[in-house]
Structure formats: C-alpha cells, structure tokens
Colleague: 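Mind looking over this structure? Questions follow.
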Amino acid sequence: MEPFIKSHEFNFIKAQIQALINGHANSSDRSVLNALKDMAKEKVFQLFPELTEEQQQILSPIHHIEDRAEAKKLLAELSPCVIPFKGVTEQTLKKLFPKVKKLKVPKADDIDWKELSYLGWFDEGSSRKYIVTHLDNKLIGLHGTFTSINKKGVCAICNSFADLGMFIADIKASGDGTYLKKGNYICEDSHQCNRNITDLGRLHDFAHTMQLQK
C-alpha cells in the first residue's frame, strides 16, 4: 500500500490507541467503552477526508483495540503506511544554511525519517540548534542559539510538557537592515519532540515566526 499517514498523524493515532487502552484498564462499562471506541475511530478517520477502501480497512481495527498486544499489532501494520520526512542530503542542508561556516549535520543513517515532522539537531560547539521543516510546500532552515533552562514546561512546537531550552534567532526587523532577537521555549530533545507532535499548527506557527532570520 502506498504510504498515506504523516508522522504527526501516526502520533495522533497512537494517542487515540493509548486512550482506548487506558479506558479498558479503568472501566468495565461496555456502553462507555463502546462510546470511547466510536470516538477514537471517528477522530482518526477525520484525519483523512478521502480514504480509499483499502485505507479504511487498515485503519478500522482501531475500533477493536482493548490491550497493548492488540495495539502493538495494529501499529506494526500501520508503520509501512507512514510517509517518511522528505530525505535531505548534506548538500541540501548546506544550501539551507549558506552563511554557517563548517556546518555540522547529523548522519542520515542515524535518522528514522518516518518519525519526523521536522529535523532538529544541536551543535554543542556553537551552542546553536538547527531546525529543518516543510513550510508552505518548501523546505526551510531555521537556526538560533539554544540554552537549557533546566526546568520543564510546555514546548512551543509540540505543546507537550517536557525539558525545555530557549531558542533565540536574529530576525530582520525592517528594510533598514536592523535586527531583533526573537525566541521561544522548545524541547531540548528534538527526537522526543517529534514523537509528541500530533498537529502541525504550532510547528508552522513557530517556523513562520522564525523564518525571516537572515
């Protein structure tokens, strides 16, 4: 089957499955559990307005999930349907950050592209974090200083409670060449951040705010 599930949608499906498992662990009321199953299936199907019959068939078992074994089986079946983040080469990354000398990039072989809504990495030498994502149908690169704040809070990208750092970028303020610094709190761990994303809205808002950096 041709992949049709984006990374954040797969995360959303996992969240609905976990809600079903929790429901069965905490209640034995069949009417309540059936309502929970109907709700989970409806939410998942709403992600995909134009499902083919084959796609509906592979998603439909979510209605029957009651325990971790069933959940694991379904997620394994759905995994091949996840669309990988469009692979980027070292050359592509260098083009996205043309003013960064000696850019250190992550090794492609170490990346699970199916888990990504964005590619993020931290360069300890420069204390800078780099973020690459798709915005308005094109690949963009963001970079800024990143400092751990040694406390937990809500990430501006994934909207989850996590260990945070402050990302600060230089944004071109006007046509006269002046700049201002703009920042926000985001996850220290970009890999876990990606696993937490169930909606791209906040990622896109963050990218729109930061993409004017030069």
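Predicted model only: the values in this text are computed from it and were never measured.
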Colleague: Filter on salt bridge (charged side-chain N to carboxylate O under 4.0 Å, His left out), then keep only pairs touching residues 19-28, sequence neighbours left out; what's left?
Modeller: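 Sorted pair list comes back empty.
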Colleague: The criterion is side-chain hydrogen bond (donor to acceptor under 3.5 Å, both in side chains); which residues satisfy it with Ser127, sequence neighbours excluded?
Modeller: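 Expected list: none.
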Colleague: Just distance, no hydrogens or angles: give the donor-acceptor pairs under 3.5 Å from side chains in residues 30-40, sequence neighbours left out.
Modeller:
residue, atom, partner, partner atom, Å
Ser31, OG, Asp29, OD1, 2.5
Asn34, ND2, Arg30, O, 3.2
Lys37, NZ, Glu66, OE2, 3.0
Asp38, OD1, His63, NE2, 2.6

Colleague: Using the test salt bridge (Lys or Arg N to Asp or Glu O under 4.0 Å), find all partners of Lys94 that sit at least two apart in sequence or belong to another chain.
Modeller: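 Scan of Lys94 (salt bridge (Lys or Arg N to Asp or Glu O under 4.0 Å), adjacent residues dropped) gives Glu90.
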Colleague: What residue pairs, at least two apart or across chains, pass salt bridge (charged side-chain N to carboxylate O under 4.0 Å, His left out) with a residue in residues 46-57?
Modeller: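 As it turns out, there is no salt bridge (charged side-chain N to carboxylate O under 4.0 Å, His left out) pair with a partner in residues 46-57 once direct neighbours are skipped.
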Colleague: Please name all residues satisfying salt bridge (Lys or Arg N to Asp or Glu O under 4.0 Å) with Lys181, sequence neighbours left out, ordered by chain then number.
Modeller: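 Result, salt bridge (Lys or Arg N to Asp or Glu O under 4.0 Å) vs Lys181: Asp170.
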Colleague: Going by ring pair (Phe, Tyr, Trp, His ring centres under 6.0 Å), name the residues that satisfy it together with Phe85, two or more places apart in sequence or in a different chain.
Modeller: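 If we apply the ring pair (Phe, Tyr, Trp, His ring centres under 6.0 Å) test to Phe85, skipping adjacent residues, the hits are His134.
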Colleague: Show me the side-chain donor-acceptor pairs of residues 1-9 shorter than 3.5 Å, one per line, residues at least two apart or across chains.
Modeller:
residue, atom, partner, partner atom, Å
Ser7, OG, Lys114, O, 3.3
Ser7, OG, Glu115, O, 3.1
Glu9, OE1, Lys6, N, 2.8

Colleague: Test of understanding: with side-chain hydrogen bond (donor to acceptor under 3.5 Å, both in side chains), list the residues that count as partners of Asn196, not counting sequence neighbours.
Modeller: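 side-chain hydrogen bond (donor to acceptor under 3.5 Å, both in side chains) check on Asn196 returns Gln192.
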Colleague: Looking only at heavy atoms, what is the nearest atom pair of Phe12 and Val44, with distance?
Modeller: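 In terms of heavy atoms, the two residues are closest at CE2-N, 4.3 Å.
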Colleague: Once salt bridge (Lys or Arg N to Asp or Glu O under 4.0 Å) is applied, do any residues pair with Lys86, and if so which ones, sequence neighbours excluded?
Modeller: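 Lys86 satisfies salt bridge (Lys or Arg N to Asp or Glu O under 4.0 Å) with no residue once adjacent residues are dropped.
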Colleague: In chain order, what residues pass the salt bridge (Lys or Arg N to Asp or Glu O under 4.0 Å) check against Glu77, with sequence neighbours excluded?
Modeller: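 For Glu77 the salt bridge (Lys or Arg N to Asp or Glu O under 4.0 Å) partners, ignoring immediate neighbours, are Lys73.
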Colleague: Please identify each residue that fulfils ring pair (Phe, Tyr, Trp, His ring centres under 6.0 Å) with Phe206, with sequence neighbours left out.
Modeller: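 Phe167.
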Colleague: If hydrophobic clusters are built from ILVMFWY residues whose side chains come within less than 4.5 Å, do Leu200 and Phe10 share one?
Modeller: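 No; tracing contacts between hydrophobic side chains, which count when under 4.5 Å, never links both residues.
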